[in-house]
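What follows is one structure encoded as structure tokens, with my remarks underneath.
To find a chain, count down the sequence lines: A is the first, B the second, and so on, and within it residues start at 1.
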Protein chains: 2
Amino acid sequence: MDKKIETCSCNIIHHEIVSEVSSKMPNEETLYDLAEFFKVFGDSTRIRIMCALFEHEMCVCDIAALLNMTQSAVSHQLRVLKQARLVKPRKEGKVVYYSLDDEHIKDIFKEGLEHISEGR
Amino acid sequence: MDKKIETCSCNIIHHEIVSEVSSKMPNEETLYDLAEFFKVFGDSTRIRIMCALFEHEMCVCDIAALLNMTQSAVSHQLRVLKQARLVKPRKEGKVVYYSLDDEHIKDIFKEGLEHISEGR
DNA sequence: ATAATATATGAACAAATATTCATATGTTCA
DNA sequence: TGAACATATGAATATTTGTTCATATATTAT
């Protein structure tokens, strides 16, 4: 029994394909989480932070200097990265050193860089 | 000769690391493009569209029905995906069929799904 | 040609988000 | 204890962005 589609004004052209694909789709929540995860990669400040941390563990102040940004802006973005479990902090006195906390980042970067290098 | 850092109010703690990392960073434009690319993955509608197209080439109307969204909203997002060279259209009469146009998508999805499945 | 259908697109609106500013927290050193 | 410093955070602002609505374009059928 098909669910009523209310928001699409056009006719469904290929019923079979739609229901077949529908049955194979991962659940909504997984796809939402996936989008949330990639959203973290979708900001150049965060990309630059992760890129920097590929080379070295760094403290907030170093990162701010490197990126020529305020300490506050960097701290806010580190929080986003930390919540996504992409970076982890290591406290040493007053100083907090951040490093990458995920082995997928490198591969994801690689794939992304390959894609953009294939662009015209 | 170090550039003057104006926007970081704190002292640079590790000059050497900052300049070493700085020299190894890819250029700004590349990192900006990378963020723009991942931004496309950072929306659940676009994620769902790509996910659907893993299974089948689909027309706009089918996708709209599948996702229970308006044709217009889907069309706008397909445009974004097309501009990012992630999907490609195939026109057949009135109907436009979209399919995936990039072999990296699968790997990127895989990495992302692995990451979120590792969560607590 | 005209009507019907599938898709695309521009403008407007609402929601999300990155940075700034001010300030709080926590640690070290005098 | 108090000053100095590194970092964190809440609120405000400005910008970006996703969806809707109205309408345009393109193709097919009558």
Side-chain angles (χ1 to χ4, degrees), chain A residues 5-14 17-18 31-32 35-49 57-84 87-99, chain B residues 5-14 17-18 31-32 35-49 57-84 87-99:
Chain A
I5 306 296
E6 311 204 7
T7 50
C8 178
S9 59
C10 38
N11 304 320
I12 300 175
I13 302 181
H14 310 89
I17 290 178
V18 171
L31 296 177
Y32 180 82
E36 287 301 302
F37 174 65
F38 288 128
K39 205 170 281 185
V40 179
F41 288 77
D43 174 81
S44 60
T45 295
R46 290 190 293 264
I47 285 284
R48 290 193 299 158
I49 291 174
E57 172 187 75
M58 289 180 92
C59 70
V60 180
C61 205
D62 285 353
I63 298 172
L66 174 70
L67 305 186
N68 200 38
M69 294 181 67
T70 64
Q71 172 270 320
S72 179
V74 170
S75 189
H76 277 295
Q77 296 307 333
L78 283 168
R79 187 165 163 276
V80 175
L81 290 164
K82 191 170 62 179
Q83 284 177 338
V87 304
K88 59 172 187 289
R90 177 178 70 83
K91 200 163 188 179
E92 196 172 286
K94 290 183 290 193
V95 183
V96 179
Y97 295 93
Y98 282 89
S99 59
Chain B
I5 307 294
E6 311 203 8
T7 50
C8 177
S9 60
C10 39
N11 304 318
I12 300 174
I13 303 182
H14 311 91
I17 290 179
V18 171
L31 296 178
Y32 179 82
E36 288 301 303
F37 174 65
F38 288 126
K39 203 169 284 183
V40 180
F41 287 78
D43 174 79
S44 60
T45 296
R46 290 189 294 262
I47 285 284
R48 291 192 298 158
I49 292 174
E57 171 188 76
M58 289 179 91
C59 70
V60 180
C61 206
D62 285 353
I63 299 172
L66 174 70
L67 305 186
N68 200 39
M69 294 181 66
T70 64
Q71 171 271 321
S72 179
V74 170
S75 188
H76 277 296
Q77 296 307 334
L78 283 168
R79 187 164 165 273
V80 174
L81 289 164
K82 191 171 61 180
Q83 283 177 340
V87 304
K88 58 173 187 288
R90 178 178 71 82
K91 199 165 186 176
E92 194 172 290
K94 290 183 288 194
V95 183
V96 180
Y97 294 93
Y98 281 89
S99 59

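Between the side chain of S72(A) and the base of dT9(D), at least one donor-acceptor pair of N or O atoms lies under 3.5 Å.
Taking each heavy atom of C59(A) and V95(A) in turn, the nearest pair found is CB-CG1, 3.4 Å. When all heavy atoms are compared, the tightest approach of D62(B) to I13(A) is OD1-N, 3.4 Å.
Distance I63(B) CD1 to dT7(C) C1': 12 Å, rounded to the nearest Å. Rounding to whole angstrom units, CZ of residue R79(A) and C1' of dT19(C) are separated by 14 Å. When rounded to the nearest whole Å, the span between CZ of R90(A) and P of dA6(D) equals 16 Å. To the nearest angstrom, P of dT7(C) lies 10 Å from CG of L78(B). Atom-to-atom, NZ of K82(A) to P of dA8(D) comes out at 6 Å; the value is rounded to the nearest Å. When the P atom of dT7(D) is taken as reference, atom CE of M58(A) falls 11 Å away, rounded to whole Å.
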Exercise for the section: Using a 4.0 Å heavy-atom cut-off, write out nucleotides 23-30 of chain D from 5' to 3' as B (base contacted by protein), S (sugar-phosphate only) or - (no contact). Expected result: ---SBS--

Fill in the blank from the handout: Contact string for nucleotides 12-19 of chain D, one letter per nucleotide 5' to 3', B = base within protein heavy-atom range under 4.0 Å, S = sugar-phosphate only, - = neither, reads -----SSB

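Remark: F38(A) pairs with F41(B) by the ring pair (Phe, Tyr, Trp, His ring centres under 6.0 Å) rule, at least two apart or across chains. Remark: K82(A) engages no residue in a salt bridge (Lys or Arg N to Asp or Glu O under 4.0 Å) (not counting sequence neighbours). Taking V40(B) as the reference, R46(B), V80(B), L81(B), A84(B), L86(B) meet the side chain to side chain contact (heavy atoms under 4.5 Å, CB included) condition, with sequence neighbours excluded. Annotation: salt bridge (Lys or Arg N to Asp or Glu O under 4.0 Å) contacts of R90(A) (sequence neighbours excluded): E57(A), E92(A). Every side chain to side chain contact (heavy atoms under 4.5 Å, CB included) that T45(B) has, sequence neighbours left out, goes to D43(B), R48(B), I49(B), M69(B), Q77(B). Evaluation of the side chain to side chain contact (heavy atoms under 4.5 Å, CB included) rule for K88(A) yields S99(A), D101(A) as partners, not counting sequence neighbours.
Among the heavy atoms of the strands, none lies under 4.0 Å from Y97(A).
Between L78(B) and V96(B) there is no side-chain heavy-atom pair separated by less than 4.5 Å.
Side-chain nitrogen and oxygen atoms of Y98(A) include none within less than 4.0 Å of the OP1 or OP2 phosphate oxygen of dA6(D).
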